[in-house]
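What follows is a set of notes on a single structure, which appears directly below.
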Amino acid sequence: MTTTTGPHPTRRLILQGAVSVALIGLGNLPFAASPARAAANDKYPEEAFKQKSEADAIKALYGRNAEPSDKVKLDAPEIAENGGVVPVSVTTTLDKVSSISFFVAENPYALAASYKFAEGTIPAVANRLKMAKSTKLVAIVEADGKLYSATKDVKVTVGGCGG
Amino acid sequence: MASSIRVRANANGDITEVQALIQHPMDTGLVKNPNGELIPAHYIQELKFECNGKDVFVANWGTAVSKDPYVKFSFKGAKKGDELKISWTDNKGGSDTTTAKIA
Amino acid sequence: MKRTLAFAMLLALGLVAQARAATEADYKAAYAAAEAAAKEAASLRHQWTTTVSTLAAAKKAADGGDFDRATAAAKEAEALAKASIFQATSEKEAWKAMEIR
Amino acid sequence: MKTRLSLLLGSVSAALVAFALTSPHVVAADKIDPVTDAKAFQNFFFQKFPNVKHEDFVNGPYSMNEDMKRQWQEKEEFPPYEFALDAGKEMFSTPFKNGKTYADCFPNGGIGIRQNYPYFDTKEGKVVTLELALNRCREANGEAPYSYVKDEMASLTAYMAFTSRGKPMDIKIPDDPRALAAFENGKRYFYTRRGQMNFSCAGCHVQSPGERIRAETLAPALGIVNAMPIYRSEWSGMGTTSRRFVTCNSQTRAVPLEPQADEYRDVEYFLSYVANGLPISGPGARP
């Protein structure tokens, strides 16, 4: 467990204690759906997947904005080998992560994928996404009710000499 | 017909690493076929991984997930021999499910 | 510079001379020549995809009655076919220059 | 203006004459010598890329670019050709209507033999590729042949290639003038410029492997067919050697020949022979 180096370590510990107590109460629920961890609701986020822009998609999915954080490590190629199959992965040192989502800004619909994490599932995921053209790629991690993001630019062009 | 889901689950210590590759066209609905008609959208919307009766990981996918989608994640709390149940449903109501023993 | 200027003048004159609309006969002659060249290129197994598409465009324009465009496209197809024939014949020996020895 | 022009013309013709005299190959009638050709071909790449391990050349663009190699190795953990491989294995063991299977058509039941294809059939006097042999097997057993550029053929060749993985390419050229002619015809095709783009195979795969053609990194010609058939992300599907040749042609705006045309079989014969000794790495995953 990362050592807590915050200004008021004791207050943090108490806080964590309180939160975990609350969690135990909800232990049997696969998803700690308590308000403190407003994970994306369980059913398929139809609305969010319909949004064109990345900002609207984030709002539709989470309802609030994320703050960039270096605790979210987003890995994607600088030049995509092929726009149809771009390996993208995220790992994070944040804890109590309830969901991780990927947004491809330049795609017709920004939200590409959203993953829900249960208790005990390691907050990391790798997948292969499609990117229409060179684009900004945003990964958002929802941890302990707050949103953290990481961004990377991926170059995408057609291959071959054209035909 | 062999299942459309290929999965590998290996446990080392308390952490089980899961990789899945699913055979599915993942059509976006924006692509035309050779004689110019739009191929209708056909993509997996939800992919669920259950172990010991608990959903350990759920993926909600849009049209931007690659064809023959692949996903990798790990989770704690399972051991060798436990059964992992994987199931997906797509936007046309298609679905498939399979189980795999954790190696 | 002087030479290119003269060349441009000549070209302009040429265009003015055949300003009258191309007739179906012009198109048919141009298309026949293009088709013959394309056949030869195919027999040499050196046909270009652009020859085929330009020839098709010529035919389509002719079917639509636009003989100006059809004749121009047929002439272009012929030029492409001839270029691919030249490529085939010159490469018969030229390829050796690239060979790893 | 005029004097400079004639000077230029003079020097060019002088150079040409000099070139003709110095290289004996051009003067003496070319004797077809595959062994020397193969040695020269391999040395060209070994010297051009001294720090690429010899057996790495069969990994195409990934032998040329570290970052892409990492992405490829990640993908190889769970490769996209997995389905074609399973399908091929299943097809290989499913008997034809007459009860026979592919195993009956091939030496050693078709297992671990891909490295000997294509071979020169002295009876027929032609090169026979694995894809051609598979379709001939189907026809001999009353089954309709598969398309050379579609998934079924790719699945079969993927499975057969998989059973030969790691085995060194082992192509033989019998002492038969028609076999030497086929080798030479393949070599000529490989170096001949075609299409409106006026590219030859060598233009990309000998002169500039490792460099990019738009987003794609070009593979070296050495070992380029060792990974066949390949799953290409660009096609998001499997591709046989035939499909690769056909699409390469149309990319340079050359009208492709019919799959398994003599020229294609001969160029595959040439490319496989000069890669003798390098391991089979099919089926491969490519951009």
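Just so it is clear, the model here is predicted, and its values are computed rather than measured. In what follows, chains are A, B, ... by sequence order, proteins preceding strands, each numbered from 1.
In this structure, A/Ser114 contributes its side chain and B/Asn60 its backbone to no donor-acceptor pair below 3.5 Å.
When heavy atoms are compared at a cutoff of 4.5 Å, A/Val88 does not approach chain B at all. In this structure, the portion of B/Leu21 lying under 4.5 Å from any heavy atom of chain A is its side chain and not its backbone. Only the side chain of B/Leu30 comes within contact range of chain A, judged by heavy atoms closer than 4.5 Å. For chain B, no part of A/Pro123 is nearby; none of its heavy atoms comes within less than 4.5 Å. If you measure heavy-atom distances from A/Val125 to chain B, the contacts under 4.5 Å come from both the backbone and the side chain.
Residue B/Leu47 holds its CG atom at 11.0 Å from CG of A/Asn127, rounded to the nearest 0.5 Å. In this structure, the separation between CD on B/Gln45 and OH on A/Tyr44 is 4.5 Å, given to the nearest 0.5 Å. Here the straight-line distance linking atom CG of B/Asp55 with atom OG1 of A/Thr121 works out to 9.5 Å at 0.5 Å rounding. The distance from the CE atom of B/Met26 to the CZ atom of A/Arg128 is 13.0 Å, given to the nearest 0.5 Å.
Taking the six-membered ring wherever Trp is involved, the centroid distance between the rings of B/Phe57 and A/Tyr115 falls below 6.0 Å.
Shortest non-hydrogen contact noted between A/Gly84 and B/Ser66 is O-OG, 2.8 Å. The nearest pair of heavy atoms linking B/Val65 to A/Ala113 is CG2-CB, 4.2 Å. Nearest approach of B/Lys54 to A/Glu119, heavy atoms of both residues: NZ-O, 3.3 Å.
Chain A is approached within less than 4.5 Å, heavy atom to heavy atom, by B/Phe75, B/Lys76 from residues 75-94 of chain B, ordered by number.
When each of A/Ala132, A/Ser101, A/Ala112, A/Ala126 is scored by its heavy-atom pairs under 4.5 Å with chain B, the top score falls to A/Ala126.
No more than 12 heavy atoms of other residues, nucleotides or ligands sit less than 6.0 Å from atom NZ of A/Lys71. The local environment of CD in A/Glu78 is sparse, with at most 12 non-hydrogen atoms from other residues, nucleotides or ligands closer than 6.0 Å. More than 12 heavy atoms of other residues, nucleotides or ligands shown are found within 6.0 angstrom of OH on B/Tyr70.
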